J.: 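Sharing a structure below in structure tokens format, with a few things to ask.
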Amino acid sequence: MANSFQNKVLRINLTTGKVSTEPLNESYAKDYIGGRGLGTKMYYEEVGTNVDPLSPDNNMYLVTGPLTGTMAPSAGRYMVITRGPLTGTIACSNSGGYFGSEMKYAGYDVVVIEGKAEKPVYIWINNDKVEIHPADHIWGKEVPDTTDLLKEETDEMAKVACIGPAGENLSKIACIMNEMNRAAGRTGVGAVMGSKNLKGIVVRGTNPVHVPDGERFMAAIEEARKVLAEHPVTGTGLPTYGTQILINILNQSGGLPVHNFRDSGTVEWADKTSGEFMIEHKNLVRNKGCFSCVMRCGRVTKTYKPYAGFGEGPEYEAGWGFGADCDVDDIDAICQANFRCNELGLDAISMPCTIACAMELYENGYLPKEDAGCDLSFGNASILADLVTKTAYREGIGDMLAEGSYRLAEKYGHPELSMSVKKQELPAYEPRTLQGMGLNYATNNRGGCHVRGYMTSPEILGLPVKLDPAVTEGKAGVCKTFQDLTGAVDASGFCLFTTFAIGADIIANVVSAATGIEYSPDELLKAGERIWNLERLFNMACGFTGKDDTLPQRLLQEPQKFGPYKGSVNRLHEMLPEYYELRGWTEAGVPTKDKMVELGLEDAFAQMLGAVEAAAAQNN
Amino acid sequence: MNIKYFAYIRDFTREKETTWNDPADDLQALLQQLSQHYGKKFREAVFNETEDDLNNLIIVLVNGRHVAHLDGIHTKLQASDQVSIFPVVAGG
Ligand code: SF4
């Protein structure tokens with residue numbers, strides 16, 4: 001029966017040059033839906049849990065969801081799944097734009113990259129014609145030039161996903177960029193691509209995507225489209241202001257981390273870096289959307305002297321990172337630094353957070369002036385763009401910034417000043433104000449990450465329910481549900497922002513109509529839970545334990561200095577036991593056999609136990 | 001009392017903030033005062049149809065706390081309070 005999968009996996013081995021295709025494993029698709037779930041399952045089965053992230057043995061999976069490339073609204077996502085060099089956990093990074101849908105039109109649900117090319121190469125996928133080309137002439141180029149050159153050499157209509165100098169130089173905070181400004185941003189997936197000597201993947205496709213029952217599918221997506229259009233957030237707020245609108249509300253609510261989380265709470269000048277100000281100050285040129293998006297939250301922006309430039313963004317996280325976290329109140333400097341992240345292929349969350357960490361190390365006298373090579377004081381707007389460039393090329397202090405904040409702070413003897421979980425930098429929500437977001441950060445399978453359980457939504461925005469950010473009671477259950485739902489959304493191909501308006505019922509209906517596999521809302525959430533638990537088993541087999549489900553000591557012990565929640569700390573210990581219980585895990589955070597049998601993960605569970613035992617034996 | 005406005009609420013107030021002298025002592029009455037001053041669009045944005053509750057599409061913070069976790073539209077106010085009014089927005 002026709003369904004919205006292309007039912008084909010493309011496998012490319014860069015060591016041997018071999019290109020092959022194989023059918024999609026149907027039972028994986030049913031249990032894991034697609035995208036993040038399918039990629040994690042394939043990675044787990046094919047690679048296992050003990051490869052070095054930057055070795056040729058670490059495969060990279062580019063995976064679309066069953067909705068990617070269909071007419072479903074805001075459903076153009078693809079995911080990159082691999083083992084991440086920044087965290088050592090399973091890494092999965094999600095991007096929008098048009099690359100995912102083009103991959104689907106070329107005829108593939110999954111593109112697997114194995115091995116390592118001897119010299120720089122790029123891959124040219126033109127429907128069923130797949131070629132590996134030399135890329136020596138492009139190696140070293142920034143993302144915009146790379147994208148233009150690759151299109152010139154192949155097809156102007158093609159879509160390009162590539163790395164910039166940061167990925168080539170194996171920065172652990174490098175990302176993969178598609179259509180120049182869309183990023184599979186987090187967890188350092190760009191370094192994995194760089195380690196394979198793979199500069200880019202160019203794709204062009206002209207195949208249709210089918211659905212089993214056109215009428216049913218159109219009715220399902222019409223319902224989703226209507227809800228998205230009528231909801232004030234997805235219909236008006238995101239299109240008008242983009243995500244940078246959050247600056248003021250987080251600031252007024254006392255949830256803005258400031259100075260590497262040292263002086264968090266509220267700052268006087270936040271409005272000068274806000275989404276509202278970017279319109280007033282004429283930074284905003286126009287808004288822009290990903291494939292089939294009705295919300296179009298992307299921003300095309302320009303900046304003025306002395307930070308003149310043109311590009312896209314920033315998203316709220318980057319705007320906060322280069323702004324409040326580094327104590328910079330100049331929106332032009334913030335935007336320019338964000339443009340450089342996109343041009344050089346760096347994660348625009350981890351990059352500013354690592355700079356903020358360096359600033360605190362510097363101000364405390366731990367990072368000497370000779371190493372800094374510049375005045376690294378908080379508030380120095382003039383160094384931001386230059387530090388981003390130095391990071392990508394590993395020049396001077398950039399060589400250490402390229403390793404992310406944890407390794408930087410460790411080198412200077414103060415790892416506690418890295419505001420990270422599992423070595424990935426925390427995003428823009430202060431866990432001493434948003435208690436539930438703290439729980440999400442601590443338990444996240446890819447380290448410090450907000451989008452896998454976006455507790456800001458109920459704790460600050462009141463969506464879909466209003467939860468008091470200061471309270472810990474009841475947060476574990478909501479956090480788990482959000483994490484599971486996000487697992488399913490990331491698997492489907494939908495953009496996560498759709499969930500501000502639509503819930504599991506509409507998503508399940510659209511996915512069922514596209515795939516012909518019937519998911520009730522509960523089954524959809526169950527698939528999300530399965531994905532979450534498989535990621536957890538993977539991480540545990542790699543040596544992570546419940547002890548890693550924690551936050552930087554600062555957030556657990558140092559009272560917040562400013563704002564309405566002045567004096568508070570994150571009370572993780574009040575939420576974590578309940579969270580483990582709701583997950584069906586032991587008090588130490590270990591998944592239980594019963595729960596794993598219920599989720600169909602008994603084999604992965606046995607493998608995890610085996611890996612843990614083997615590691616213990618080796619240590620003895 | 002200092003009152004701050006954000007996003008499209010500013011289109012109705014034509015100012016980002018105001019110092020409001022002699023404010024009412026609860027939120028409902030304050031919003032009535034402000035509606036009288038700023039007009040119909042502001043009134044429609046902040047109140048529900050019967051004006052006995054907040055519009056679902058509005059977020060009001062008093063001293064940084066969402067009034068849903070205080071006493072809603074009946075939250076008591078003092079002249080030294082900081083009030084912030086937002087439409088429901090989101091991002092991530
Ligand atoms: S909401 Fe924004 S990120 Fe999501 S698909 Fe639309 S434009 Fe892309």
Side-chain angles (χ1 to χ4, degrees), chain A residues 231-234 236-238 240-255 265-266 271 274-277 279-280 295 297 315-317 319 427-429 433 450-451 454 456-457 459-463 465-471 495-497 499-501 562-566, chain B residues 1-20 27 30 34 41-42 44-49 53-78 80-92:
Chain A
H231 193 281
V233 165
T234 50
T236 316
L238 278 168
T240 311
Y241 296 105
T243 59
Q244 185 69 351
I245 190 70
L246 285 182
I247 285 280
N248 277 321
I249 191 157
L250 262 300
N251 186 49
Q252 293 296 316
S253 303
T266 304
D271 195 39
S274 67
E276 290 98 323
F277 186 79
I279 296 174
E280 207 180 303
M295 295 178 266
C297 77
E315 300 298 331
Y316 165 63
E317 312 296 330
Y429 312 91
T433 292
H450 61 299
V451 287
Y454 192 57
T456 308
S457 208
E459 293 190 296
I460 297 290
L461 311 170
L463 299 168
V465 287
K466 297 181 179 71
L467 299 182
D468 188 340
V471 168
C495 173
L496 184 61
F497 289 170
T499 59
F500 286 124
F562 301 103
Y565 300 95
K566 185 177 165 185
Chain B
M1 177 179 288
N2 179 260
I3 307 170
K4 287 184 168 31
Y5 308 108
F6 297 96
Y8 62 75
I9 303 297
R10 290 176 178 175
D11 296 343
F12 310 144
T13 60
R14 284 178 295 280
E15 56 187 350
K16 292 181 184 178
E17 64 182 305
T18 184
T19 304
W20 195 251
L27 181 61
L30 175 75
L34 295 175
K41 284 198 169 159
F42 181 89
E44 285 170 359
V46 296
F47 282 116
N48 69 355
E49 273 177 20
D53 207 346
L54 291 170
N55 190 317
N56 273 337
L57 306 180
I58 207 86
I59 295 175
V60 181
L61 308 179
V62 173
N63 300 326
R65 295 195 176 236
H66 197 306
V67 293
H69 312 306
L70 299 170
D71 211 2
I73 197 163
H74 303 299
T75 299
K76 289 276 171 241
L77 299 173
Q78 292 176 352
S80 58
D81 287 339
Q82 160 73 55
V83 175
S84 312
I85 304 179
F86 295 84
V88 172
V89 289

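The sequence lines fix the lettering, A, B, ..., with proteins before strands; numbering per chain opens at 1. Bear in mind the structure is a predicted one, so any value in this text is a computation, not a measurement.
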J.: Is A:Ile279 close to chain B through its backbone or its side chain, or both, or neither, when contacts mean heavy atoms under 4.5 Å?
T.: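 The answer is neither part of A:Ile279.
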J.: Which region of A:Leu467, side chain (C-beta onward) or backbone (N, CA, C, O), has a non-hydrogen atom less than 4.5 Å from a non-hydrogen atom of chain B, or is it both or neither?
T.: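 Answer is backbone: N, CA, C or O of A:Leu467 sit under 4.5 Å from chain B.
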J.: Specify which of A:Ser253, A:Pro469, A:Gly563, A:Ser274 makes the most heavy-atom pairs with chain B at under 4.5 Å.
T.: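 Highest number of pairs under 4.5 Å: A:Ser253.
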J.: Are any of the side-chain heavy atoms of B:Pro87 and B:Ile9 separated by less than 4.5 Å?
T.: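 B:Pro87 reaches B:Ile9 side chain to side chain.
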J.: Where does the angle between the aromatic ring planes of B:Phe42 and B:Tyr5 fall among parallel (under 30°), tilted (30 to 60°) and perpendicular (over 60°)?
T.: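 It falls in the perpendicular class, over 60°.
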J.: Between A:Ile249, A:Val233, A:Leu238, A:Thr234, which residue shows the highest count of heavy-atom pairs closer than 4.5 Å to chain B?
T.: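 Ranked by contacts with chain B, first place is A:Ile249.
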J.: Taking side chain as everything from C-beta outward and backbone as N, CA, C, O, which of these in A:Thr456 sits under 4.5 Å from a heavy atom of chain B? Side chain, backbone, both or neither.
T.: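 Interface part for A:Thr456: neither.
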J.: Atom CZ of B:Arg10 and atom NZ of B:Lys4: how far apart are they, to the nearest 0.5 Å?
T.: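 Between atom CZ of B:Arg10 and atom NZ of B:Lys4 there are 9.5 Å.
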J.: Should B:Leu30 and B:Met1 count as side-chain neighbours, where that means a heavy-atom distance under 4.5 Å?
T.: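 Touching, per the 4.5 Å side-chain cut-off.
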J.: Looking at A:Lys566, I'd like to know if its NZ atom is crowded, meaning that more than 12 non-hydrogen atoms belonging to other residues, nucleotides or ligands lie closer than 6.0 Å.
T.: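 Counting neighbours around NZ of A:Lys566, 12 or fewer heavy atoms of other residues, nucleotides or ligands fall under 6.0 Å, so no.
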J.: Where on B:Phe86 is there a heavy atom nearer than 4.5 Å to chain A: the side chain, the backbone, both, or neither?
T.: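 Side chain only.
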J.: Please classify the contact of A:Leu461 with chain B as side chain, backbone, both or neither, using a heavy-atom distance under 4.5 Å.
T.: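 Contact with chain B involves both backbone and side-chain atoms of A:Leu461.
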J.: Tell me, out of A:Asn251, A:Asp271, A:Thr236, A:Thr433, who's got the most heavy-atom pairs with chain B below 4.5 Å.
T.: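 The candidate making the most pairs under 4.5 Å is A:Asp271.
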J.: Parallel under 30°, tilted from 30 to 60°, perpendicular over 60°: which one fits the rings of A:His450 and A:Tyr429?
T.: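 The arrangement is tilted - the two ring planes meet at 30° to 60°.
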